[in-house]
Amino acid sequence: MNNMKNQLKKITSKLVFAVALGCLSQTVKAEPFHWNAFDLKLSPKNVGPLLALLDETFVNPDKPFKVTLSETIFSDDDITHSLTVSSADADAISALMSDEFKDGREQFMANLYELAEVKSKYTGVRTFTTNIPKKGSDAKKAGSYFGHWEIEIKADDAPQFIESFKNMVSATEDLRTNHILGMGTFQFGKGKSTHYILHSFNSYSDLKKGLEAYGQKEAMAVHFKTTKEIATRVGSQVTKIIKQW
């Protein structure tokens, strides 16, 4: 640990976080995975500098977590982009928030705040994913689109919702060739929202056609009927993946 601290002292503050990340141990990919998210409002001129900051900070390919930058296409909130840190190893996420990496973390956040307004910060866990990519449940391909739906469900009603959801998933498998469908829970920072569902699409056109195809499935109608009294839609958005590190 002392050796690591000595190394950190020898490098510039701009790179301190990147070096610290390389000191974390790599773990086997598994489900579920944990994530922290930052909703950003970013001017077009600062997108390039933000990408440069992320390229430099998260250069280490062996870090035990992924960092994803996405563009907000449609949203109920006043945001333009989202930045997410995710990992199947909860300790890796926790380590980033520890005092050991405080200086580097604060320097990175200072750089981030110079480029973007951080509109909100929240965290959660993905508990279910279909068609898991080889690089892990949280792997996302640049250029792909994601639909996100936020839901409020009372704790006592969650088992009924999850059972209905999984029945719908089984009945609509033919609609998801190489597409991710996931469900998870919010832990902190999302107000009334307790659960979320997301779905990947190859393009915006694919998203439109895909949602229409789901709408024609009887299993979707059954799911909505089964859960309409226990699940309240809180918000939704469409995002496009810019890059994942």
Side-chain angles (χ1 to χ4, degrees), residues 1-30 32-43 45-72 77 79-126 135-140 142 184-191 239 241-245:
M1 192 64 67
N2 289 332
N3 182 51
M4 182 185 71
K5 291 180 178 179
N6 292 332
Q7 290 178 343
L8 295 181
K9 292 178 182 179
K10 295 179 182 179
I11 60 178
T12 65
S13 60
K14 192 172 185 180
L15 291 177
V16 67
F17 198 41
V19 173
L21 302 182
C23 298
L24 297 176
S25 61
Q26 181 65 290
T27 59
V28 177
K29 301 180 182 69
F33 71 84
H34 306 258
W35 52 265
N36 292 347
F38 301 84
D39 282 344
L40 311 175
K41 189 171 184 179
L42 189 68
S43 67
K45 68 178 182 179
N46 284 339
V47 175
L50 177 57
L51 278 168
L53 172 65
L54 295 171
D55 279 339
E56 186 171 32
T57 304
F58 299 107
V59 64
N60 188 340
D62 295 323
K63 58 188 180 300
F65 55 86
K66 298 181 180 69
V67 177
T68 308
L69 179 65
S70 59
E71 176 187 0
T72 303
D77 301 315
I79 60 175
T80 63
H81 295 76
S82 292
L83 184 65
T84 304
V85 181
S86 58
S87 179
D89 181 6
D91 290 338
I93 299 292
S94 298
L96 293 177
M97 304 304 296
S98 69
D99 289 343
E100 186 65 40
F101 303 122
K102 179 181 178 181
D103 292 342
R105 182 179 68 251
E106 290 183 348
Q107 181 61 59
F108 172 77
M109 292 304 299
N111 292 335
L112 178 63
Y113 274 97
E114 288 181 358
L115 297 172
E117 178 183 358
V118 179
K119 303 290 287 188
S120 61
K121 297 181 286 186
Y122 49 100
T123 183
V125 180
R126 174 93 66 81
K135 293 184 178 181
S137 306
D138 54 344
K140 295 182 178 179
T185 60
F186 295 108
Q187 293 179 311
F188 303 103
K190 262 300 181 178
T239 63
I241 305 303
I242 296 179
K243 188 173 181 178
Q244 186 173 74
W245 292 261

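No hydrogens, no waters, no symmetry mates; every other heavy atom, side chains included, goes into these values.
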By side chain to side chain donor-acceptor pair (under 3.5 Å), S70 pairs with (sequence neighbours left out) none
Separation between OG1 (T84) and CD1 (I241), nearest 0.5 Å, reads 8.0 Å
The test is side-chain contact (heavy atoms from CB on, under 4.5 Å); show your working for K243 and D55 and say whether it passes. CA-CA 10 Å; K243 188 173 181 178; D55 279 339; 2.7 Å; yes
- Query: Does the T239 side chain pair with the main chain of E71, one donor and one acceptor, at a distance under 3.5 Å?
  - Reply: no
Distance col, row I242:CD1 vs L50:CG, nearest 0.5 angstrom, shows 8.0 Å
The reported gap from CG in N111 to CD in E56 (rounded to nearest 0.5 angstrom) is 9.0 Å
With sequence neighbours left out, the residues meeting salt bridge (Lys or Arg N to Asp or Glu O under 4.0 Å) with K102 are none
To the nearest 0.5 Å, atom OG of S43 lies from atom CD of E117 at 11.0 Å
Closest non-hydrogen atoms of L115 and N46, given as atom of the first, atom of the second and distance, are O-ND2, 3.0 Å
message = Check K121 with D39, please: is the shortest side-chain N to carboxylate O separation under 4.0 Å?
response = no
Smallest heavy-atom separation, D138 atom then Q244 atom, equals O-NE2, 2.9 Å
Partner of F65 under side chain to side chain contact (heavy atoms under 4.5 Å, CB included), picked from N36, D89, L96, is L96
Only residue of I79, D77, T80, L40 satisfying side chain to side chain contact (heavy atoms under 4.5 Å, CB included) with K119 is I79
Of all heavy-atom pairs linking A92 and S87, the shortest is CB-OG, 3.8 Å
Checking side-chain contact (heavy atoms from CB on, under 4.5 Å) for the pair V67/L83: CA distance, chi angles, key distance, verdict?
CA-CA 7 Å; V67 177; L83 184 65; 3.7 Å; yes
Check your understanding: With a 4.5 Å heavy-atom cut-off, do F188 and Y122 have their side chains touching?
Key -> no
For the pair K66 and W245, evaluate side-chain contact (heavy atoms from CB on, under 4.5 Å) and give the outcome as yes or no after the intermediate values.
CA-CA 6 Å; K66 298 181 180 69; W245 292 261; over 6 Å; no
Rounded to the nearest 0.5 Å, the CZ atom of F38 sits from the CG atom of L69 at a distance of 12.5 Å
Is it true that F108 and F101 have ring centroids separated by less than 6.0 Å? no
Value for OG (S137) from CZ (R126), rounded to nearest 0.5 Å, stands at 7.0 Å
Are any of the side-chain heavy atoms of Y113 and V118 separated by less than 4.5 Å? yes
Does S98 reach the main-chain N or O of A95 with its side chain, forming a donor-acceptor pair under 3.5 Å? yes
